[in-house]
Every structure is written in C-alpha cells, then in structure tokens.
Number of protein chains: 2
Amino acid sequence: MKLSLRGEYALRALVVLGLNYGEEVLPIQVISERQNIPKRFLEQILNDLKTLGIVESKRGVSGGYRLRLPPEEVTLAAVIRHLEGPLAPVGCVSEKFYTPCTCPDESKCGIRSIMKEVREAIVKILEQVTVAQLCDRVKHLQGTNQAVSDYII
Amino acid sequence: MKLSLRGEYALRALVVLGLNYGEEVLPIQVISERQNIPKRFLEQILNDLKTLGIVESKRGVSGGYRLRLPPEEVTLAAVIRHLEGPLAPVGCVSEKFYTPCTCPDESKCGIRSIMKEVREAIVKILEQVTVAQLCDRVKHLQGTNQAVSDYII
DNA sequence: ACTTAACTTGATAAACTCTATCGAGTTTTG
DNA sequence: CAAAACTCGATAGAGTTTATCAAGTTAAGT
C-alpha cells in the first residue's frame with residue numbers, strides 16, 4: 001500500500017472536515033489553505049469522496065463541504081480503497097481487488113503466504129482507525145505541543 | 001508498500017536460488033522458465049541483486065547465478081528496499097528514505113502518526129522474514145499439497 | 001431578478017514510473 | 001576458438017499521477 005498525494009490530500013481534508021463536524025459547511029478555499037492543497041486538485045478529490053458518500057456539499061454563496069457521516073463511521077481503509085485501490089502489497093493477496101499473478105502455482109507460493117500476513121497487518125490497522133480517531137490524535141498532538149510551548153515561554 | 005512486478009520477480013528468483021543453495025550455479029534460463037519470468041528482465045533484476053551483494057554470478061558455458069549469502073541472512077526488507085525503495089506508505093514516515101511532506105506541521109499530523117504504525121507493522125514482518133523462511137514455506141506448502149493429492153488418489 | 005461565490009464536469013497535458021526488449025560487447029569453458 | 005552465458009547501457013511503449021483549465025450550473029443574498 002503506497003499512498004499517493006491524492007490519497008494523502010484526501011485524508012488531510014477529511015481531518016479538517018472531521019474537526020469541523022456538526023458546524024456549518026466549509027468552503028474549498030479554506031480547506032485548501034489550511035492544509036496546503038492545490039485548490040483545483042482538492043476539488044476533484046472532494047468530488048470523489050462525495051461519490052463515495054462520505055462527504056456532502058452545499059452550493060451557492062456560503063456553500064462548501066462537510067462530512068455526511070459521523071467521523072466515527074469513516075474508516076481509513078474505506079477511503080484509501082476507494083481512492084487508491086488495493087491495500088495489499090500484491091494483487092494476488094487482495095481481498096477486494098484480487099488479480100492473479102504469473103507464478104506457476106499461487107497455492108504453493110511462499111511469497112504470497114508472507115504477503116498475506118503483510119496485508120493482514122495493514123488492513124487490521126486501517127479498518128479499525130476512523131476519521132474521528134485521526135481528529136483525536138490531532139487534538140492530542142496539538143495539546144501536547146501547546147503545553148510544551150507554554151513551558152518554554 | 002506496493003510491490004511492483006520487478007520486486008515480485010526478484011523474490012521469486014531468490015526462492016529458486018535459495019532452494020538451490022549449496023549446489024552449483026543456476027543459469028538464468030532455468031530460473032526464468034521455472035518462475036515464468038521474462039528472461040531479459042530477470043537478467044536486469046539479478047544484476048541489481050548482484051550489486052547489492054546478495055547474489056553472485058559465474059560466467060561462461062556452464063555459468064549462472066547463485067546466492068552469495070546464506071538464505072538465513074537475506075531479509076525481504078533488504079531486498080525490497082533496494083529494489084523498490086521505501087517500505088513506508090508515505091515518505092514522511094520512512095526511516096531509510098525520508099522525504100518531507102507538504103502538510104502544515106508534520107509533528108502535529110494525525111495521519112503521519114497512523115502511518116507510522118502501519119510502517120512499523122510492515123517492517124516488523126519484512127525485516128524478520130528471510131529467504132530461508134520463504135523456502136521453508138514453499139517446501140511445506142508443496143509437502144502439504146502432495147499429501148492432499150495422495151489422499152485424493 | 002440579478003450578482004456573485006462556489007460547486008460540477010470533463011478534458012487535457014506534463015512528468016514520471018514501470019515493464020520490458022534490444023544490441024553490442026565480454027567472459028569463460030571445453 | 002566456438003558456443004553459451006553474463007554485462008551494460010539505451011530506449012520505447014504503456015500506464016499512472018498530479019495537476020490545471022474552461023465552461024457550465026447552482027443557490028444565497030440583495
């Protein structure tokens with residue numbers, strides 16, 4: 001599982017939306033500036049997340065985007081799978097995007113058996129972590145640093 | 001960590017060489033046929049593994065390749081890192097191939113903190129599994145299937 | 001109604017990576 | 001000295017990634 005910029009931007013945008021959950025809609029402009037993401041590209045990505053049903057938008061003057069689901073219900077696995085495809089390191093061990101490989105016999109392939117373990121390890125984390133938890137981490141990390149700054153002053 | 005064909009071929013070739021460890025050198029032709037790998041491409045890959053010091057070659061009429069190190073000493077992590085680059089899902093959590101990301105503050109980035117965990121999970125497996133273990137799995141898988149076939153007959 | 005900020009959709013283009021293939025050369029064995 | 005095999009560097013075609021643009025649609029506020 002290699003996360004491209006596209007996927008990374010998506011997660012970063014979702015954190016912003018997650019932290020804003022329950023409030024009014026956020027314009028793309030704001031998300032873009034807050035996370036340093038090219039606006040046009042972000043537009044495309046948010047659109048994609050809308051198709052997936054994670055995000056919803058409001059048009060017009062004070063329009064923008066917001067989460068459609070509670071942050072607790074959005075797993076990183078779902079987002080990444082939709083945007084990037086398989087989480088597995090090779091196609092022949094993917095559950096959702098299986099593709100056969102060219103080895104003589106998959107059932108006797110030692111590499112496949114190891115890669116299955118790698119896949120499990122990755123999936124176990126990403127299927128369990130939600131946007132809500134991401135937001136919590138951010139809050140915690142910010143809190144920590146804030147405190148440190150306070151001490152320094 | 002996404003394994004490209006290049007990396008997959010490398011591992012498959014190493015299994016063949018591992019199973020042959022202690023014996024004479026194996027010609028590319030044989031490895032290529034046994035694992036269904038385009039010969040010219042394999043050539044390039046084995047060369048690369050030679051540079052890394054994992055494999056050695058013998059030229060001439062009855063030449064070929066063999067492992068230079070005992071299979072127990074070759075970890076998948078080393079091979080993949082050399083051929084494919086970072087194991088980490090994003091550059092900003094890679095130990096060996098760190099690259100900064102564009103987020104406003106890495107130290108407060110929730111995604112980074114999750115991706116670190118993913119990286120750890122991957123590395124833990126791949127740094128610990130060796131070519132020798134891959135070969136053992138293959139032997140075991142073949143043995144199992146053999147037995148099953150016997151029962152069927 | 002009309003202006004304006006913002007979303008929507010689809011096209012496209014530059015850069016890069018991946019997968020392979022080729023050719024010409026060098027080495028070694030028998 | 002011929003044959004088999006490795007060596008090295010170039011390169012090409014396909015596909016992916018990362019954007020950017022233009023033209024259109026929507027809806028809020030006046």
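Proteins come first, then strands; the chains are lettered A, B, ... in the order of their sequence lines, and each starts at number 1. Because the structure is a prediction, the values reported are computed rather than measured.
Straight-line distance from the CG atom of B/Leu83 to the C1' atom of C/dC18: 13 Å, rounded to whole Å. As a whole-Å value, the separation of B/Glu56 CD from D/dA5 P is 18 Å. With rounding to whole Å, B/Arg6 atom CZ is found 11 Å from C/dA20 atom P. Between the CG atom of A/Leu26 and the C1' atom of C/dA5 there is a distance of 15 Å, rounded to whole Å. Rounded to whole Å, the distance from OH on A/Tyr65 to P on D/dA27 is 13 Å. If you measure from atom CG of A/Leu46 to atom P of C/dT9, you get 13 Å, rounded to the nearest angstrom.
No donor-acceptor pair closer than 3.5 Å links the side chain of A/Glu117 to the backbone N or O of B/Ile125.
With distances taken from any side-chain atom of B/Ser4 to the nucleotides D/dT18, C/dT19, D/dT7, the minimum falls on C/dT19. Here the nucleotide nearest the side chain of A/Arg40, chosen from D/dA23, D/dC6, D/dA19, is D/dA23.
Smallest separation of non-hydrogen atoms from B/Lys108 and A/Leu141: C-CD1, 3.7 Å.
Counting non-hydrogen atoms under 4.0 angstrom, B/Asn47 reaches the backbone sugars and phosphates but no base. If you check every strand for non-hydrogen atoms under 4.0 Å, A/Ile28 touches sugar and phosphate atoms only. B/Glu43 comes within contact range of at least one nucleobase, with a heavy-atom separation under 4.0 Å.
Of the charged side-chain nitrogens involved, none lies within less than 4.0 Å of a carboxylate oxygen, so that A/Glu8 and A/Lys2 do not count as a salt-bridged pair. A salt bridge links A/Arg66 with A/Glu56: at least one charged nitrogen is closer than 4.0 Å to a carboxylate oxygen.
Side-chain N/O atoms of B/Gln44 and base N/O atoms of C/dT21 include a donor-acceptor pair closer than 3.5 Å.
With rounding to the nearest 0.5 angstrom, the SG atom of A/Cys109 is 7.0 Å from the CD atom of B/Gln35.
Across the interface with DNA chain C, nearest-nucleotide mapping of B/Glu84 and B/Val61 shows B/Glu84 to be the residue nearer the 5′ end.
A sub-4.0 Å separation between OP1 or OP2 of D/dT17 and a side-chain N or O of A/Tyr9 is absent.
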